[in-house]
Amino acid sequence: MTEELSKIYNSKKTSKIAKGIAFPTCINPNHIPAHFAPLSEDDEANLTLANGDVVNIMLGIQIDGFPSIVAETMVVGESKDQPVTGVKADLLHAAWKASEAAIRTFQPKNRNWDVTNIVDKVTKSYDCVAVESMLTHNQERNVLYGPKEIILNPTKENKNQMDTFKFEENEVYGLDILVSTSPDGKVKKSDYKTSLFKLTGSSYALKMKSSHQVLGEFKEKSSGPFPYNIKNLEDIRKARMGLIECVNHQVMLSYDIMTEKEGEYVAQYFTTFAITKNGIVKFTSPSFDPELYKTEKEIKDEEITSLISQPLKAAAKKKKSKKTAAEGAPSA
């Protein structure tokens, strides 16, 4: 990503435009939904992938402070000659169709709960469920998680606390669809140590020298308000010591690694897009090939199937040709 970014906005006029990583690459296998980015070969999180593993890959960049994130899911060893079947195939269809239905629900005057409900209906069609309490946010310049939130598979507490709002033109969202094969989609904090952190913008009179050191180095090397992988810091062991105080006092946010139950699988599709007067414009486009995943389940709700079949953008209106003076002149 860094190499590709170096190829753009590199002239004298544009070299000062900020650009960098908006979300470090994460490879999340099987029952681990997100934030899995081991520091080294010796890290306990450095797992060996095997045929049949369900893996989602998430990454993102920012240009001039505007983030663009993408994530998609695959099964290790998948091929058209031997397509994936069973619960894994059901899962990927569920997550992809939920994403396709959800993104089309982001229409002006629709509400955030409309997205919650449509994802719930789609995933049920495949005997799957959205991961509990996962959030989608609006995005702004230098803001990865804006104040407008859409929640998936909410708890009763979530429903009472979550604000209701309507979508508007010119808003940008990072649609994060995470779907599980488990009956409830509940995840819990794992014992794996995360390597992803971000600055919160808050300040605190830190007491430890190591805390001041890691904060200073983090500010120098990270992409401002976006998450950063600490594997790029000079001394990771000392950094971890300092990060504890920074996180405890909300100077930095840690991206904890959550896990589903062993034996379950999680699939993810993340799309960054804008709501415009002409429809939805994607900034990132995760891919899905249905020929790789053969499922016997299907969506029977005609309204949902009709919604998914609709184009994201309205067809451009043909401009009327202007009549020539001779054509427009009254006859004698």
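FYI, side chains are in, hydrogens and waters are out, and symmetry mates aren't considered; it's all heavy atoms of this structure. Remember, predicted model here, so these are calculated numbers, not experimental data.
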Q. Does the pair F197 and Y255 meet the rule for a ring pair (Phe, Tyr, Trp, His ring centres under 6.0 Å), with working shown?
A. CA-CA 6 Å; F197 296 82; Y255 284 72; 8.2 Å; no
Check whether the side chains of D90 and T295 place a donor and an acceptor atom closer than 3.5 Å, and report yes or no.
yes
| task | Measure from the side-chain N and O atoms of T284 to the backbone N and O of T272, and report whether any donor-acceptor pair falls under 3.5 Å. | result | yes
- prompt: Is atom NZ of K282 surrounded by more than 12 heavy atoms (other residues, nucleotides or ligands) closer than 6.0 Å?
  reply: yes
Legend entry - Side chain proximity check, L144 to P227, heavy atoms < 4.5 angstrom: yes
Angle class for the F36/Y192 ring planes (parallel below 30°, perpendicular above 60°, tilted otherwise)? perpendicular
Report task. Taking the six-membered ring for Trp and the single ring otherwise, decide whether the centroids of F273 and F283 are under 6.0 Å apart. Result -> no
- Query: Got a salt bridge between E169 and K277, using NZ or NE/NH1/NH2 to carboxylate O under 4.0 Å?
  - Reply: no
| Would a hydrophobic clustering, with Ile, Leu, Val, Met, Phe, Trp and Tyr connected at side-chain separations under 4.5 Å, put I32 with M258? | no
Taken to the nearest 0.5 Å, the spacing of Q62 CD from F23 CZ works out to 14.0 Å
Start with the C-alpha distance between L215 and V251, add both sets of side-chain angles, then the distance that settles side chain to side chain contact (heavy atoms under 4.5 Å, CB included), and finish with yes or no. CA-CA 9 Å; L215 181 60; V251 176; 3.8 Å; yes
**Asked** Does Y228 have its ring centroid less than 6.0 Å away from the ring centroid of F218?
**Response** yes
Item to complete: Would you indicate whether K261, at its atom NZ, is surrounded by more than 12 heavy atoms from other residues, nucleotides or ligands within a distance under 6.0 Å?
Response: yes
* Has K221 got more than 12 heavy atoms of other residues, nucleotides or ligands less than 6.0 Å from its NZ? -> yes
On a heavy-atom basis, the closest approach of G174 and Q139 is CA-NE2, 3.6 Å
For residues L92 and V84, determine if any side-chain heavy atom of one lies less than 4.5 Å from a side-chain heavy atom of the other. no
**Carboxylate-amine/guanidinium proximity below 4.0 Å for K148 and E168** = yes
(message) Is it the case that the side chain of N117 and the backbone of W113 share a donor-acceptor pair, with hydrogens and angles ignored and the cut-off at 3.5 Å?
(response) yes
Is a donor on one side and an acceptor on the other found under 3.5 Å between the side chain of D43 and the backbone of L39?
yes
Going hydrophobic residue to hydrophobic residue with side-chain gaps under 4.5 angstrom, can you get from L152 over to V122?
yes
Does atom CD of E44 have more than 12 heavy-atom neighbours from other groups under 6.0 Å away? yes
Dump the intermediate steps for side chain to side chain contact (heavy atoms under 4.5 Å, CB included) on D256 and H35, then the final yes or no. CA-CA 7 Å; D256 295 332; H35 310 154; 5.7 Å; no
H137 side chain vs Y173 backbone, donor-acceptor pair below 3.5 Å
no
| said: Tell me whether M162 at atom CE has more than 12 heavy atoms from other residues, nucleotides or ligands lying less than 6.0 Å away. | reply: yes
**Side-chain donor or acceptor of N153 paired with backbone N/O of D184 under 3.5 Å** = yes
Taking side chain as C-beta onward, heavy atoms only, is D301 less than 4.5 Å from S125? no
Quiz prompt | Under 3.5 Å donor-acceptor, T123 side chain and V119 backbone | solution = yes
Are I118 and L91 connected into the same hydrophobic cluster when the rule is that any two of I, L, V, M, F, W, Y join if their side-chain heavy atoms are below 4.5 Å apart? yes
For the residue pair F288 and Y293, is the inter-centroid distance of their aromatic rings smaller than 6.0 Å?
yes
Looking only at heavy atoms, the pair that brings A101 and I304 closest together is CB-CG2, 4.5 Å
Correct closest heavy-atom pair for P67 and F226 would be CB-CE2, 3.7 Å
### Query
Does a side chain donor of either Q268 or T73 reach within less than 3.5 Å of an acceptor in the other side chain?
no
Regarding S309 and S306, do their side chains bring together a donor and an acceptor under 3.5 Å, going by distance alone? no
Distance col, row L178:CG vs M58:CE, nearest 0.5 angstrom, shows 8.0 Å
Contact check, side chains of L199 and S222, non-hydrogen atoms, under 4.5 Å
yes
Task: Single-linkage hydrophobic cluster, 4.5 Å side-chain cutoff, Y269 and I280 together - done: yes
Does Y265 offer a backbone N or O that forms a donor-acceptor pair with the side chain of H31 under 3.5 Å?
no
Under the side chain to side chain contact (heavy atoms under 4.5 Å, CB included) criterion, do L135 and D176 qualify, and how do the steps go? CA-CA 7 Å; L135 294 172; D176 194 3; over 6 Å; no
Requested in this report: Without swapping roles, check the side chain of N158 against the backbone of T155 for a donor-acceptor pair under 3.5 Å.
Outcome: yes
Exactly one of R141, K16, K19 clears side-chain hydrogen bond (donor to acceptor under 3.5 Å, both in side chains) with D64, and that residue is R141
| query | Going by heavy atoms in the side chains, are K80 and D289 under 4.5 Å from each other? | reply | yes
Smallest heavy-atom separation, N46 atom then S40 atom, equals CB-O, 3.6 Å
Between P33 and E260, the two heavy atoms sitting closest are CD-N, 4.5 Å
Verify the neighbour count for atom CD of E262: are there more than 12 heavy atoms of other residues, nucleotides or ligands below 6.0 Å?
no
Within the supplied structure, the quantity of interest is the number of heavy atoms (other residues, nucleotides, ligands) at a distance under 6.0 Å from Y9 OH; does it exceed 12? no
Original post:
Any chain of hydrophobic side-chain contacts (each under 4.5 Å) joining L175 to V172?
Top reply: no
Q.
Could you go through T136 and V115, starting from their C-alpha distance and side-chain angles, then the distance that decides it, and tell me whether this counts as side chain to side chain contact (heavy atoms under 4.5 Å, CB included)?
A. CA-CA 10 Å; T136 281; V115 177; over 6 Å; no
Check your understanding: Taking atom CG of D191 as the centre, does the number of heavy atoms from other residues, nucleotides or ligands within less than 6.0 Å exceed 12?
Key -> no
Between the CD1 atom in I150 and the CZ atom in R111, the distance rounded to the nearest 0.5 Å is 13.5 Å
Open item on the list: Assess, by modelled atom type and distance only, whether the side chains of T181 and E264 contain a donor and an acceptor separated by less than 3.5 Å.
Closed with: yes
Query - Flag side-chain contact, heavy atom, 4.5 Å: I57 against C26 - result: no
Separation between CG (N110) and OG1 (T105), nearest 0.5 Å, reads 6.5 Å
Heavy-atom closest pair (I236 atom, I230 atom, distance to 0.1 Å) is CG1-O, 3.7 Å
(Q) Side chains of Q161 and E157: any donor to acceptor distance under 3.5 Å? (A) yes
Taking the side chain as every heavy atom from C-beta outward, state whether E149 and N112 have any pair of such atoms under 4.5 Å apart.
no
When S211, S254, S202 are each screened for side-chain contact (heavy atoms from CB on, under 4.5 Å) with C246, the one that passes is S211
Quiz item: Between the main-chain N or O of L233 and the side-chain N or O of E217, is there a donor-acceptor pair closer than 3.5 Å?
Solution: no
> Within the distance-only criterion (no hydrogens, no angle test), does the side chain of N10 pair as donor or acceptor with the backbone N or O of S15 below 3.5 angstrom?
Replying inline: no
Salt bridge or not between K97 and E100? Use side-chain N to carboxylate O under 4.0 Å. no
Is the shortest heavy-atom distance from the side chain of V179 to the side chain of V131 under 4.5 Å?
no
